[in-house]
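To start, the structure itself, in structure tokens.
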Amino acid sequence: MKVSTEKIPDAQILMTIEVDSGRLDDARQKALRKLTPRAKVPGFRPGKAPPDLVRRYFGEERILDEALDALVPVVYREAVEADESIDPIARPRLVVETTEPLVVKATIPVRPTIELGDYRSVRVQTQEPTVDEARVDETLLIIRRRAATLEPIGRELRWGDVARLDLKADVDDTPLVQPQEAEIRLDEARDVLFPGFEEQLLGHRKGDVLEFDLPVPEAVTDEKFAGKQAHFTVTIGETKEEVLPDLDDDFAKQVGEGFESIAALRDRVRDDIRQNEEEQITNRYHDEILDQLLALATIEFPPVMLEAEIDRMLHDQAGHIERGDDLERYLAGIGKTEEEVRGELRPRADLRLRRSLLLGKVAEAENIDVSDEDLAAEVERLTAAAGSQSPQLRQLFDSDEGRGTIRRNLMTRQTLARLVEIATTAAAAAPAPPARKPRKKKSAPVEAPAGAEPAAATSQETE
């Protein structure tokens, strides 16, 4: 057996295997013996027909196919085992180039090659988190609106009010919106399907019947309505206004786990915003650093790794599909083929894979490792935060797969932290980025008081 190899692009090796003719002859004989019991030759019991008749029954091509199916994987395995420099990471693509003599071409995916470049030269501009008090006020308004009540009104409708409507819409006597009830909040900042619809309601009150025309928007894809006017008929039923609770200490005591005063609630909201800002800044650091590192690096990986990454993303996107029919149902639900979805995922999968390989190489270069103590501490942190689900979570983390996932996540986190340290320590703007230390117990975001009526119980909205 003669074997030659050459490196080809995308972290692959092309191996050419020329097999001695005697081995192919032996494989043909074994294939013939294997097929003999299946031959239904008239006048002979199964397995008793002479070899020549069996050969004529199946034909030389079928016998050769059987021989190659058995022989090709064997000679490939022998060739790879004989060359210690080759480290396959997945099954090869095997092609029989000729049969006289037998020549097999094996395209073998091997481990990726990553050259980091001068990764320690990467710099990012640091930034201090800031909290605008206007954002605090906006958040407090959202909290108050969650606790708002809706009270009937007899006046004309204004922005922010809620109205229950009977409505329909026709285009040239063809129904566009079937007669229906809808409850909507008049929201000046919201994008609606029919621009101008809510403005038609302003200044009207309960019991009014309105008729008006609006252009059919491009979002309505039925060609028979395109470019036409829709005629709306709307009867205004019950109308309500939003009544916000007073922003005082009593209100603060009812929010979330309860606060002693409105000042304490403001402090908590401000801290939550600052933490969110810190996390966003850190995420931007990570993205900027990784983008710069990718520009410096040279990365090659076999196509099979990208396809596997797409498989993982498709699995997650489709809700952890387990069987082929699960995927078929998912694709039918979104109206796309598997090829279309895989094509959409490919750019993100490529970036995610490149970043992952890059981080692994940096971890190796920086001698970053996750100790057993680090792993145990992370398991304790995660299970402690899980509350009543702690036993199930601990059982999951006790498995090799669960601990492997935690170890990889910790490795990524520590490597990113090291990259931020490198990229910001010598940067022009001196303040260090916010430390990304896990909280012992993450506080829940503040919520509206329990039992408060929602601002609008919308059964169906017209947008």
Side-chain angles (χ1 to χ4, degrees), residues 8-14 73 87-95 106-114 219 221 279-280 282-284 286-291 293-295 297-363 370 378-379 382 386 389 392-393 395-416 419:
I8 59 176
D10 299 329
Q12 298 177 107
I13 290 177
L14 179 62
D87 184 14
I89 63 168
R91 291 181 179 179
R93 183 169 61 89
L94 299 173
V95 176
T107 304
I108 308 170
V110 294
R111 296 195 178 280
T113 58
I114 305 106
T221 56
E279 291 175 352
Q280 290 188 27
T282 303
N283 289 337
R284 284 199 296 272
H286 293 166
D287 289 341
E288 290 178 28
I289 291 169
L290 291 173
D291 286 345
L293 286 178
L294 285 174
T298 302
I299 301 175
E300 277 197 350
F301 52 82
V304 66
M305 288 187 69
L306 179 57
E307 296 306 317
E309 188 66 28
I310 294 172
D311 287 341
R312 281 189 287 271
M313 293 180 68
L314 179 57
H315 182 267
D316 293 341
Q317 180 172 301
H320 301 286
I321 52 177
E322 299 294 341
R323 304 181 306 276
D325 53 348
D326 291 338
L327 177 59
E328 290 178 7
R329 281 196 294 270
Y330 170 72
L331 294 172
I334 62 175
K336 294 181 180 179
T337 65
E338 183 177 355
E339 290 73 20
E340 289 173 332
V341 175
R342 295 182 74 87
E344 292 170 358
L345 292 175
R346 190 171 300 276
R348 284 193 290 133
D350 183 87
L351 178 60
R352 195 161 86 165
L353 179 57
R354 288 178 184 277
R355 285 183 168 185
S356 176
L357 293 171
L358 195 68
L359 287 169
K361 193 68 173 180
V362 171
V370 175
E378 182 69 0
V379 169
L382 291 172
Q389 301 298 316
Q392 296 93 318
L393 204 58
Q395 184 177 4
L396 172 64
F397 292 156
D398 280 342
S399 67
D400 291 341
E401 182 180 357
R403 287 183 175 268
T405 299
I406 296 175
R407 188 180 294 276
R408 287 191 296 273
N409 290 341
L410 281 174
M411 179 75 77
T412 297
R413 204 155 68 205
Q414 291 180 17
T415 306
L416 285 169
L419 284 171

Pairwise distance CG(Leu294) to CD1(Ile289) - rounded to 0.5 angstrom = 12.0 Å

note = For Pro92 and Pro109 the tightest heavy-atom approach is CA-CD, 4.1 Å

message = Checking Thr107 now: which residues fulfil side-chain contact (heavy atoms from CB on, under 4.5 Å) with it, not counting sequence neighbours?
response = Ile8, Gln12, Leu14, Arg93

ask   = Under a 4.5 Å cut-off applied to non-hydrogen side-chain atoms, are Gln317 and Val341 in contact?
value = yes

request  = Could you tell me which residues satisfy side-chain hydrogen bond (donor to acceptor under 3.5 Å, both in side chains) with Glu307, sequence neighbours excluded, listed by chain and number?
outcome  = Arg342, Arg346

inquiry  = As an exercise, state the distance from CG of Leu293 to NZ of Lys361, rounded to the nearest 0.5 Å.
reply    = 13.5 Å

task = Start with the C-alpha distance between Leu357 and Met305, add both sets of side-chain angles, then the distance that settles side chain to side chain contact (heavy atoms under 4.5 Å, CB included), and finish with yes or no.
result = CA-CA 11 Å; Leu357 293 171; Met305 288 187 69; 4.1 Å; yes

message = Could you report the tightest heavy-atom contact between Ile299 and Ile114, atom names first, then the distance?
response = CG1-CG2, 4.0 Å

key: Residue Arg284 excluded, over 12 heavy atoms near CZ under 6.0 Å   = yes

message = Is there a side-chain contact between Leu290 and Leu351 in this structure, where contact means two heavy atoms from C-beta onward sitting under 4.5 Å apart?
response = no

ask   = Going from CD1 on Ile406 to CG on Leu396, what distance comes out if it is rounded to the nearest 0.5 angstrom?
value = 7.5 Å

inquiry  = Under the rule for salt bridge (Lys or Arg N to Asp or Glu O under 4.0 Å), what residues qualify as partners of Asp350, not counting sequence neighbours?
reply    = Arg354

inquiry  = Main chain of Asp87, side chain of Arg111: is a donor-acceptor contact present, judged purely on distance under 3.5 Å?
reply    = no

request  = Return the set of residues passing salt bridge (Lys or Arg N to Asp or Glu O under 4.0 Å) with Arg352 (not counting sequence neighbours), or none when no residue passes.
outcome  = Glu309

task = Applying side-chain hydrogen bond (donor to acceptor under 3.5 Å, both in side chains), name anything that partners Gln280, two or more places apart in sequence or on another chain.
result = Asn276

query = Who passes side-chain contact (heavy atoms from CB on, under 4.5 Å) against Pro73, sequence neighbours left out?
reply = none

task = Can you see which heavy atom on Ala11 is nearest to which on Pro112, and at what distance?
result = CB-CA, 4.2 Å

inquiry  = Just to verify, what does Arg348 make a side-chain hydrogen bond (donor to acceptor under 3.5 Å, both in side chains) with, not counting sequence neighbours?
reply    = none

request  = Hey, could you give me the CD1/CD distance between Ile334 and Glu340, rounded to the nearest 0.5 Å?
outcome  = 8.5 Å

Gln395 backbone acceptor or donor facing Ser399 side chain under 3.5 Å = no

remark   = Applying side-chain contact (heavy atoms from CB on, under 4.5 Å) to Thr113 and not counting sequence neighbours gives Glu300

key: Partners passing side-chain contact (heavy atoms from CB on, under 4.5 Å) against Asp398 (at least two apart in sequence or in another chain)   = Arg394, Arg403

note = Residues passing the side-chain hydrogen bond (donor to acceptor under 3.5 Å, both in side chains) test with Arg355, sequence neighbours excluded, are Asp287, Asp291

key: Any Leu416 side-chain heavy atom under 4.5 Å of Thr282 side chain   = no

